[in-house]
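Before any comments, here is the structure.
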Amino acid sequence: MKSVKLLLLSVVAAILTSCGTTSTVPITGRKQNLIVSDEQVLSLSTQQYQQYMASAKKSTNAANTAMVQRVGKNLANAVVSYLNANGLGTEVSQYQWEFNLVQDKQINAFCMPGGKIVVYEGLLPVTQDEASLAVVLGHEIAHAVAKHSAERLSNAYKQQYGMQILGAVAAGMGASSTAVQLGQIVANAGGQFFTAGFSRKQESEADHMGLIFAAMAGYDPQVAVNFWQRMSQATGGGSSSLLSDHPSDADRIRDLQGWMPEALRYYKPTATTATATPATSTKKTTKKTIKISTKKTK
């Protein structure tokens, strides 16, 4: 009986992993399995983005709006040039890059698939200069380029269908309904824990890629350390909970320092990026983690 169970579980695993396509994330080289297409993800993303922007209030600060769009465009151009040079241009061929600054005091920014990126005004007093803003926008662009939204959707589908199959397997082997339900509850809890851990993995990957993207665009990546130190002070140290979906600020700073030599190899300052434009200060910002995510912000 044990050998039969192991065989069935192996079949389930094979079914789930054989679905979709396997791709490689640029810069990090990590392999990912996607079972949703770009067309599906971009369609959903466009609808959500349009709904959000219809209710959001765009910033009335022309200088800061221009800065966000300028830095975002510089980064997008550098990233697309890098991908084209490395035979990966088709990965973002359907993207339509857009960078918006909205009226919100939260220290926040978020990204939607397809290159739709939103920055909250409350973030600018913490970034303080264009290079630090480039670190944040590089992180956002990294989420889009690494297709983290598609990956999370794929994992959700795998967990859902995997649990259904495992439940059917257990029932078919004569397990009681109570045992099957308990097994599904345990599987659910494990799935949530895995999702939280995987999201931290995505965030760390976006930190890594974003640092290099900023350097590619001519922004000094070394400002990232001071930026996250300011972020830690502004948000009270970030989250260090095991179940948090974002790394702690201390972990981020340590990792960024480790990636710095790699990022500096890409760094070639230009006349445009050498001059930083300070953001307009505000009295007090909301203490909230940056939540640089691949979906609509909370």
Side-chain angles (χ1 to χ4, degrees), residues 49 52-53 55-79 97-112 115-144 203 206-207 210-211 213-215 217-239 246-247 249 252-253 256 269-270 272-298:
Y49 179 73
Y52 171 80
M53 290 306 301
S55 61
K57 294 182 179 179
K58 290 187 178 182
S59 174
T60 57
N61 187 311
N64 284 345
T65 297
M67 176 178 64
V68 168
Q69 293 176 346
R70 177 173 61 252
V71 174
K73 183 177 179 180
N74 288 341
L75 282 159
N77 288 340
V79 170
W97 299 101
E98 188 172 328
F99 301 87
N100 279 299
L101 180 65
V102 299
Q103 297 180 41
D104 196 310
K105 293 182 179 180
Q106 295 181 59
I107 305 174
N108 205 354
F110 70 86
C111 168
M112 286 189 175
K116 308 300 185 184
I117 294 168
V118 173
V119 176
Y120 290 3
E121 285 184 326
L123 179 64
L124 299 185
V126 184
T127 55
Q128 296 185 1
D129 55 54
E130 291 196 19
S132 296
L133 177 61
V135 170
V136 176
L137 294 184
H139 178 113
E140 300 293 352
I141 289 173
H143 276 307
E203 290 297 326
D207 281 345
L211 188 70
F213 288 164
Y219 296 98
D220 186 357
Q222 295 173 102
V223 304
V225 173
N226 287 335
F227 162 69
W228 276 106
Q229 289 172 343
R230 294 194 299 272
M231 176 63 73
S232 183
Q233 293 176 353
T235 61
S239 174
H246 287 67
D249 294 339
R252 270 182 154 148
I253 291 170
L256 287 166
T270 66
T272 302
T273 59
T275 303
T277 303
T280 302
S281 61
T282 59
K283 293 180 180 180
K284 186 177 181 181
T285 54
T286 304
K287 285 192 174 184
K288 180 178 179 180
T289 3
I290 191 168
K291 290 295 181 186
I292 303 175
S293 64
T294 57
K295 57 183 180 181
K296 184 178 178 181
T297 188
K298 294 180 179 179

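- Looking at every heavy atom in both residues, G138 comes nearest to L75 through N-CD1, 3.8 Å.
- Shortest non-hydrogen contact noted between A134 and A214 is O-CB, 3.9 Å.
- Within the 4.5 Å cutoff, no side-chain heavy atoms of M53 are placed close to those of K116.
- Of the options V71, D104, L101, V136, a side chain to side chain contact (heavy atoms under 4.5 Å, CB included) to V119 is made by L101 and by none of the others.
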- Using the side-chain contact (heavy atoms from CB on, under 4.5 Å) rule, take I107 and M231 through it: C-alpha gap first, then chi angles, then the decisive distance, then the call. CA-CA 9 Å; I107 305 174; M231 176 63 73; 3.5 Å; yes
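- The aromatic rings of F99 and W97 sit parallel, their planes meeting at an angle under 30°, below the 60° perpendicular limit.
- No donor-acceptor pair closer than 3.5 Å links the side chain of E121 to the backbone N or O of K105.
- With values rounded to the nearest 0.5 angstrom, K73 atom NZ is found 14.5 Å from L137 atom CG.
- Atom CG of D207 sits about 4.5 Å away from atom CZ of R252, to the nearest 0.5 Å.
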- Step by step, would you call E203 with H143 a side-chain contact (heavy atoms from CB on, under 4.5 Å)? CA-CA 8 Å; E203 290 297 326; H143 276 307; 3.3 Å; yes
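- For the atom pair CG (N226) and OG1 (T127), the distance works out to 13.0 Å, reported to the nearest 0.5 Å.
- Q106 approaches Y120 most closely through the heavy-atom pair O-CB, 3.4 Å.
- Looking only at atom types and distance, the side chain of Y52 has no donor-acceptor partner in the side chain of N100 under 3.5 Å away.
- In this structure, CG on L124 lies 5.0 Å from CG on N64, to the nearest 0.5 angstrom.
- Closest heavy-atom contact between L211 and P221: CD1-O, 3.5 Å.
- Applying the side chain to side chain contact (heavy atoms under 4.5 Å, CB included) test between W228 and each of D249, V223, V126 identifies D249 as the sole match.
- The distance from the CG atom of N61 to the CE atom of M67 is 8.0 Å, given to the nearest 0.5 Å.
- Heavy-atom minimum distance, A142 versus F213: CA-CE1, 3.8 Å.
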